[in-house]
Amino acid sequence: MEIKEENKTRKWIIDALFALLKRRDYRDITINQIVNQAGLGRRTFYRYFKSKDEVMEYTTKLLMNDFAAKIIANSADTLETVARSYFEFWEGYIDILLLLNKAHLLYFVEDHLLSLIYEAALQSGHVSAEISKEILEKQYEQYQYEFAFKLAGFWKVTILWCSESPRKRPEEMSKIISAILK
């Protein structure tokens with residue numbers, strides 16, 4: 001599945017960077033190579049992004065928006081249905097996940113996973129936007145370690161799962177996750 005982006009220029013830049021990642025190390029990719037691959041000028045690139053890192057961060061946010069949409073579409077409201085939606089989502093983006101893993105770029109997702117999952121939870125209605133900031137901060141303070149611990153486990157399971165051949169189906173993974181977290 002391709003990353004969804006409404007703005008064509010941003011999409012061309014993202015696609016160009018990922019096309020280059022298939023052939024080159026991330027640290028060796030230059031802005032000139034990205035704009036040449038995209039058929040754009042450097043000024044156009046800098047109108048949208050400050051750096052290739054910002055392209056990766058923006059791409060991660062787009063992925064999490066799609067994850068929220070998947071949860072909403074599946075009406076996921078239990079641990080098992082959220083886990084199934086999660087693995088269905090990554091199954092749809094398996095080529096991107098494998099490419100990020102191969103290029104040692106999963107940290108773009110990992111570094112922002114907590115806030116990205118929170119944003120996805122807001123979008124999907126799993127966290128109410130009506131909750132006051134004070135209550136939210138108190139809840140966050142209380143649950144941040146538990147959530148981070150569980151999320152890290154989920155993420156490591158995701159990396160293990162994407163490396164399997166053949167990969168388990170999302171339904172199987174949701175049952176495994178449910179059994180682990182009981």
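Everything numeric in this text was worked out from a predicted model, so none of it was measured.
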Determine the interplanar angle of the Phe89 and Tyr93 rings, folded into 0 to 90°, and report it as parallel if under 30°, tilted if 30 to 60°, perpendicular if over 60°. tilted
Applying side-chain hydrogen bond (donor to acceptor under 3.5 Å, both in side chains), can you list everything that pairs with Asn101, at least two apart in sequence or on another chain? none
With side-chain contact (heavy atoms from CB on, under 4.5 Å) as the test, would you mind laying out the steps for Leu97 and Val109 before giving the verdict? CA-CA 10 Å; Leu97 185 62; Val109 178; over 6 Å; no
What distance do Ile180 atom CD1 and Ile176 atom CD1 have between them, rounded to the nearest 0.5 Å? 7.0 Å
Are the side chains of Ile177 and Val82 in contact, using a 4.5 Å heavy-atom criterion? no
Give a yes-or-no answer on whether the side chains of Asn74 and Arg84 include a donor-acceptor pair shorter than 3.5 Å. no
May I ask you to check whether Ser174 and Tyr86 show a side-chain donor-acceptor distance below 3.5 Å? no
Looking at OG of Ser178 and CD of Glu80, how far apart are the two atoms once the value is rounded to the nearest 0.5 Å? 4.0 Å
Go through the steps to decide whether Leu105 and Leu99 satisfy the test side-chain contact (heavy atoms from CB on, under 4.5 Å), and finish with yes or no. CA-CA 8 Å; Leu105 296 175; Leu99 181 60; over 6 Å; no
For the CZ atom of Phe67 and the CD1 atom of Ile72, what is their distance to the nearest 0.5 Å? 10.5 Å
Rounded to the nearest 0.5 Å, what separation is found between the CE atom of Met173 and the CZ atom of Phe154? 8.0 Å
Do Lys50 and Phe45 come within less than 4.5 Å of each other through their side chains, counting heavy atoms only? no
Mind listing the closest non-hydrogen atom pair of Glu171 and Glu88 along with its distance? OE2-OE2, 4.0 Å
Enter the distance from Leu20:CG to Ile34:CD1 here, rounded to the nearest 0.5 Å. 6.5 Å
For Asn7, enumerate each residue passing the side-chain contact (heavy atoms from CB on, under 4.5 Å) test, keeping only those at least two apart in sequence or located in another chain. Glu5, Thr9, Arg10, Tyr48
Less than 4.5 Å apart, any side-chain heavy atom of Ile96 and any of Thr59? no
Stepwise salt bridge (Lys or Arg N to Asp or Glu O under 4.0 Å) check, Glu164 with Lys168: CA-CA 8 Å; Glu164 290 180 329; Lys168 290 176 180 50; 3.3 Å; yes
Set of residues satisfying side-chain hydrogen bond (donor to acceptor under 3.5 Å, both in side chains) with respect to Lys11, sequence neighbours excluded: Glu2, Asp15
Answer yes when Glu172 and Arg169 have at least one side-chain N-carboxylate O distance shorter than 4.0 Å, and no when they do not. yes
Find the distance between CG (Leu40) and OH (Tyr46) and round it off to the nearest 0.5 Å. 13.0 Å
Counting C-beta onward and ignoring hydrogens, is there a side-chain heavy-atom pair between Asp25 and Asp28 closer than 4.5 Å? yes
What I want to find out is whether Glu91 reaches Arg167 closely enough, with some N-O distance under 4.0 Å, to be called a salt bridge. no
Non-hydrogen side-chain atoms of Val35 and Ile13 separated by less than 4.5 Å: no
Going by the rule ring-ring contact (aromatic ring centres under 6.0 Å, His included), which residues pair with Trp161 if we only count those two or more places apart in sequence or in a different chain? Phe87
Sequence neighbours left out, what passes ring-ring contact (aromatic ring centres under 6.0 Å, His included) with Tyr26? Give chain and number order. Phe108
ring-ring contact (aromatic ring centres under 6.0 Å, His included) partners of Tyr58, counting only residues at least two apart: Phe49
Under a plain distance cut-off of 3.5 Å, with no hydrogens placed, do Arg23 and Gln37 share a side-chain donor-acceptor pair? yes
